Colleague: 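Please find one structure pasted underneath; my questions will follow.
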Amino acid sequence: MPYPETFTGFQVNGPETWTDFHKNEFQPKPFGDYDVDIKIEACGVCGSDVHTISGGWGKQHFPLAVGHEIIGTAIRVGPKVTLIKEGQRVGVGAQSYSCLDCRQCKNDNETYCQKQLDTYGAKWPDTGIVSQGGYSSHVRTHEHWVFPIPEALTSTVAAPMLCAGLTAYSPLVRNGCGPGKKVGIVGLGGIGHLGLLFAKALGAEVWAISRTHSKEADALAMGADGFLATSDKDWNVPHKMTFDLIVNTANSFEGFDLDAYLSLLDVHAKWVSVGLPEDDGIKVRNQTFLSNGCFFGSSHLGSRKEVLAMLKLAADKGIKTWVQEVKISKENLAETLTKLHNNDVRYRYCLTGYEEQFGA
């Protein structure tokens, strides 16, 4: 069977028309010795997709097909590929390149490599070709960023784990989430609900923290041990200095009382922000950290090792993303990304029906 020389995807031409998707052919980067071609069957819809095409994160390379929670079948593997076999069901997340040679890469911190490239919207330095994402027929990716998917996970359950899941999982495991620890998850969206599921699976006592009580029943159904609504009077007072770790997944800092959140942390405990809001962010004063000496930082995606461990944990513990399936089409993409822009999702959209659009 001949391999496709060009791929087809649903692209946007710019932020002025970000809900207008065009089905175009595009040229992927040249096939390398370590590359894998993947025929896509499902792709999660990430908040990053909306921020990117709507202009919220600034200038981008258009036309662009977004999508970086990709599941499909490896249909072609390069001659030096050892990690993936042809015919395997595999996934690709939000990162598709790093140098694999620097100090960071050699210490399983390849997501922090200075040469890292994103799965979509990045320019390949040797050709200038812009990487295209998973709203497409195929994706071509270096084997290091292609992950075998355990049989126990369906494609639509696994797909959102490759960006949203990893974004929550990495800071949890790197900061000691486990038995005997009290962990807070701020924001119950795509990332937050997977953070709650993973923190619970890792054995921690987990509290969901949200603005209102509207998602409380869902959080408890996901296994949360408790729920705090920040619109309640003195919501933080009974829990001051009792949390070992808080992962903040919130997508906005509007009306965000940072001091109240940080007051929850035990001495030298950590607050890790993983959401990337479009607004100006929050003002931080040193006095905020003095009462408990807490630490404030961030986290970006995770390593290949962490992806494989996360997928194994999900398979072993039966973790299921709360997913809403949508068939990929020009019309459905416009509607789905508009809904996501308006926070109308419980808790991750996942695109399916690829064969109907792109053929078998």
Side-chain angles (χ1 to χ4, degrees), residues 47 164-277 279-300 302 343 347:
L166 183 62
T167 297
Y169 178 84
S170 178
L172 289 171
V173 294
R174 289 187 183 214
N175 293 292
C177 176
K181 296 294 173 76
K182 184 175 177 182
V183 174
I185 304 290
V186 177
L188 202 67
I191 301 172
H193 93 285
L194 281 163
L196 194 169
L197 292 167
F198 284 134
K200 195 68 195 155
L202 290 164
E205 176 189 339
V206 187
W207 286 68
I209 305 171
S210 191
R211 288 177 194 255
T212 71
H213 287 276
S214 67
K215 295 179 178 176
E216 182 169 9
D218 284 354
L220 297 174
M222 289 171 195
D225 295 287
F227 187 93
L228 299 176
T230 61
S231 54
D232 290 352
K233 186 174 172 0
D234 297 333
W235 65 273
N236 59 320
V237 174
H239 297 273
K240 278 188 174 182
M241 295 182 73
T242 64
F243 280 82
D244 298 290
L245 170 66
I246 296 176
V247 176
N248 172 34
T249 75
N251 204 17
S252 167
F253 284 131
E254 203 178 313
F256 208 84
D257 183 358
L258 183 64
D259 290 36
Y261 286 99
L262 295 184
S263 74
L264 299 170
L265 290 166
D266 193 6
V267 176
H268 298 331
K270 290 180 182 174
W271 166 278
V272 186
S273 272
V274 298
L276 295 170
D279 51 32
D280 290 337
I282 36 181
K283 191 175 170 186
V284 171
R285 296 162 68 244
N286 199 41
Q287 286 88 331
T288 298
F289 306 102
L290 283 184
S291 62
N292 52 7
C294 66
F295 292 98
F296 182 101
S298 189
S299 175
H300 181 227
N343 291 319
Y347 282 85

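When a residue number appears, it is its place in the shown sequence, counting from 1. The structure displayed is predicted, hence computed values, not measured ones. The figures that follow rest on heavy atoms only: side chains count, while hydrogens, waters and symmetry mates do not.
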Colleague: Output the distance between atom CD1 (I282) and atom OG1 (T288), rounded to the nearest 0.5 Å.
Modeller: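 The OG1 atom of T288 is 9.0 Å from CD1 of I282, to the nearest 0.5 Å.
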Colleague: Does the side chain of M222 reach to within under 4.5 Å of the side chain of H193, using non-hydrogen atoms?
Modeller: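 A side-chain contact under 4.5 Å exists here.
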Colleague: Can you tell if the side chain of L245 reaches within under 4.5 Å of the side chain of L172, non-hydrogen atoms only?
Modeller: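 Yes, side chains in contact.
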Colleague: Please examine the side chains of F256 and N248, heavy atoms only from C-beta on, and report whether any two atoms are closer than 4.5 Å.
Modeller: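 Yes, their side chains come closer than 4.5 Å.
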Colleague: Looking at every non-hydrogen atom in both residues, tell me the closest pair between F295 and H268 and how far apart they are.
Modeller: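 The answer is CD1-O, 3.4 Å.
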Colleague: Could you check L196, T167, V274, I209 and say which one makes a side-chain contact (heavy atoms from CB on, under 4.5 Å) with V247?
Modeller: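 One option only clears the test, and that one is V274.
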Colleague: How long is the gap from CG on L262 to CD1 on I246, to the nearest 0.5 Å?
Modeller: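 One gets 7.5 Å once the value is rounded to the nearest 0.5 Å.
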Colleague: Apply side chain to side chain contact (heavy atoms under 4.5 Å, CB included) to residues D257 and N236 and explain how you reach the verdict.
Modeller: CA-CA 11 Å; D257 183 358; N236 59 320; over 6 Å; no
Colleague: So among F289, F296, W207, W235, which one has a ring pair (Phe, Tyr, Trp, His ring centres under 6.0 Å) with Y261?
Modeller: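 Filter result, single survivor: W235.
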Colleague: Considering non-hydrogen atoms only, spot the tightest contact between A164 and I191 and give its length.
Modeller: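 For A164 and I191, the tightest heavy-atom pair comes out as O-CG2, 3.7 Å.
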Colleague: Report the distance from atom OG1 of T212 to atom CZ of F227, rounding to the nearest 0.5 Å.
Modeller: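 It is 6.5 Å, given to the nearest 0.5 Å.
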Colleague: Short question: side chain of S298, backbone of S273 - any donor-acceptor pair under 3.5 Å?
Modeller: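 Flag set: sc S298 to bb S273 pair under 3.5 Å.
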Colleague: Atom OG1 of T230 and atom NE2 of H213: how far apart are they, to the nearest 0.5 Å?
Modeller: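 Spacing of OG1 (T230) from NE2 (H213) equals 9.5 Å.
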Colleague: If you look at every heavy atom in D225 and E205, which pair is closest and at what distance?
Modeller: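 Scanning both residues, the minimum pair turns out to be OD2-CA, 3.3 Å.
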Colleague: Quick one, K240 and S291 - any side-chain contact, counting heavy atoms below 4.5 Å?
Modeller: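 No, every pair of side-chain atoms sits at 4.5 Å or beyond.
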Colleague: For the residue pair V173 and L202, what are the closest heavy atoms and their distance?
Modeller: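 Heavy atoms of V173 and L202 come nearest at CG1-CD1, 3.8 Å.
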Colleague: Ignoring hydrogens and angles, write down the donor-acceptor pairs under 3.5 Å from the side chains of residues 180-189, residues two or more places apart or on other chains.
Modeller:
residue: K182; atom: NZ; partner: H239; partner atom: ND1; Å: 3.0
residue: K182; atom: NZ; partner: T242; partner atom: OG1; Å: 2.9

Colleague: Calculate, to the nearest 0.5 Å, the distance between atoms CE and OG belonging to M241 and S263 respectively.
Modeller: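 Rounded to the nearest 0.5 Å, the CE-OG separation comes to 9.5 Å.
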Colleague: To the nearest 0.5 Å, what is the distance between OH on Y169 and OG on S299?
Modeller: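 Atom-to-atom, Y169:OH and S299:OG are 12.5 Å apart.
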